[in-house]
Amino acid sequence: MARLRRKACVALFLFTLFIFGSLMGLRTLKPTDGFSDLAPGLELLPILGGRMSREATASPVQARPQGGNTKAVLSNSGPEGTIFYDVHIFYYTWYGSPHMDGKYIHWDHILVPHWDPKVASSYPRGKHMPPEDIASSFYPELNSYSSRDPDVLESHMEQIGASAAGVLVLSWYPPGLADDNGEPAEDLVPAVLDAAYRHSLKVAFQIQPYRGRNDQTLHDNIKYIIDRYGDHGAFYKFTSSTGKSLPLFYIYDSYLTPPESWSEFLTPTGSHSVRGSPYDSMFIALIVEERHKHDILAGGFDGMYTYFASNGFSFGSSHQNWKAIKAFCDGNNLLFIPSVGPGYIDTSIRPWNNHNTRNRVNGRYYETALQAALNVRPEIVTITSFNEWHEGTQIERAMPKKTVTRVYLDYQPHGPEHYLELTRRWAEQFNKEKQQWLM
């Protein structure tokens with residue numbers, strides 16, 4: 001009888017453990033972790049403001065091709081198969097290695113201290129020591145690579161093409177500037193454009209919040225980019241509702257500049273308006289808090305995107321809010337561009353931020369986000385990200401790796417291409433549904 005009771009207790013314990021594990025897995029699919037976990041008010045902003053402030057064939061310089069117009073031509077057949085120019089993916093060129101750069105860059109990222117000294121004292125400080133210890137919870141199949149390596153760049157374009165995303169959105173800083181943990185990389189833009197062109201991909205720009213950025217300096221940035229790269233065959237353009245073919249720029253952390261200043265640049269009556277000029281473009285702002293949608297409208301932007309891959313982290317990144325945001329955008333002639341990602345884990349650089357981790361659940365988290373995006377019928381979907389390894393949002397190929405001190409996460413039981421394949425499947429589904437919406 002005692003043995004029977006012990007067996008019953010063991011069975012009950014295992015059953016309870018199974019239920020608890022299931023609930024923790026399902027938790028990653030729900031927007032339960034938001035501002036409430038960060039304490040009241042605007043405590044989110046120290047994270048956002050202090051995050052790594054981002055930033056051949058026939059001649060690629062040619063008459064501006066119509067293949068980059070999202071509304072005019074949705075897809076194109078490239079070396080990797082059909083790709084879709086209404087699927088954009090965020091891309092980073094801030095990585096360096098001793099072989100190409102003389103040192104590791106970004107793979108050795110510091111452990112960012114919490115803004116509250118009392119909390120910060122409970123967590124380790126210092127920086128990572130590549131190649132065995134890198135600033136990521138996953139490990140790249142290409143190892144701790146340099147963004148300047150031509151072979152790496154070629155592999156990246158092949159992978160993006162395999163995912164069916166047609167537009168890579170390049171994190172961009174002006175010449176000579178970089179984030180706090182990186183080195184200037186603006187000189188890499190021509191190589192990225194040329195590599196993208198070889199794979200029938202397009203390149204858009206996500207302009208990062210460098211020190212001193214405002215409406216006037218951004219105006220100068222837009223002139224620089226269009227003058228320098230606007231005639232390249234891989235330079236992305238979007239066909240606006242007026243029928244104009246215009247460049248499209250994502251403005252990261254746009255809320256840092258007040259709408260009154262943006263309006264001087266983005267409204268027709270502004271003191272240095274870009275509207276109607278050779279530099280007129282589609283400008284997409286970042287929505288973090290609910291009130292930002294009104295600021296974005298007042299500032300003269302053409303749309304808004306959500307960027308963050310952590311469902312519930314912000315108002316904008318919460319799937320449950322996308323229907324309301326889309327309705328606001330539709331009512332004000334704005335684009336709503338939701339951002340989806342395969343998961344989120346940044347504890348390799350912010351060890352105190354575990355409550356915003358979103359487990360991948362072997363791809364189910366990603367598919368839940370993709371379905372939420374398709375449900376609001378957007379014109380464009382953005383993927384966060386191809387290779388933001390610090391925040392664990394990458395779909396780039398990863399590999400299992402174990403060192404003396406670390407065991408990295410990986411994509412098993414699936415292969416290294418799992419998230420590229422999921423992206424292609426959903427990109428194809430997106431465009432099938434879009435054809436039905438248009439009918």
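Legend: residues meeting salt bridge (Lys or Arg N to Asp or Glu O under 4.0 Å) with D295, ordered by chain and number and at least two apart, are R291. Remark: H418 pairs with no residue by the side-chain hydrogen bond (donor to acceptor under 3.5 Å, both in side chains) rule, at least two apart or across chains. Every residue two or more places apart in sequence or in another chain that forms a ring pair (Phe, Tyr, Trp, His ring centres under 6.0 Å) with Y145 is listed here: Y95, W107, H156. Shown here are the side chain to side chain contact (heavy atoms under 4.5 Å, CB included) partners of A196, two or more places apart in sequence or in another chain: M157, L168, L201, V203, A234. Residues forming a side-chain hydrogen bond (donor to acceptor under 3.5 Å, both in side chains) with S136 (at least two apart in sequence, or on another chain): none. Residues satisfying the side-chain hydrogen bond (donor to acceptor under 3.5 Å, both in side chains) criterion with S155, sequence neighbours excluded, are Q159. In this view, W426 and E367 satisfy the side-chain hydrogen bond (donor to acceptor under 3.5 Å, both in side chains) rule, not counting sequence neighbours. Considering only residues two or more places apart in sequence or on other chains, P416 meets the side chain to side chain contact (heavy atoms under 4.5 Å, CB included) condition with E141, R397.
The salt bridge (charged side-chain N to carboxylate O under 4.0 Å, His left out) analysis of residues 306-319, with sequence neighbours excluded, yields no pairs. Residue pairs meeting the salt bridge (charged side-chain N to carboxylate O under 4.0 Å, His left out) criterion with at least one partner in residues 266-275, sequence neighbours excluded, are R275-D280, R275-D302. Screening residues 261-274 for salt bridge (charged side-chain N to carboxylate O under 4.0 Å, His left out), with sequence neighbours left out, gives no hits. Listed by first and then second residue, the salt bridge (charged side-chain N to carboxylate O under 4.0 Å, His left out) pairs involving residues 91-112 are D101-R148, K103-E183, D108-K127 (not counting sequence neighbours).
A ring-centre distance under 6.0 Å is found for Y307 and F90. Aromatic ring centroids of Y250 and Y305 lie under 6.0 Å apart. With ring centers used as reference points, H88 lies under 6.0 Å from Y236. A ring-centre distance under 6.0 Å is found for W352 and W115.
Stacking of R360 on the aromatic ring of F138 is recorded, both the 6.0 Å distance cut-off and the 45° axial limit being met.
Within 6.0 Å of NE2 on H294 lie more than 12 heavy atoms contributed by other residues, nucleotides or ligands.
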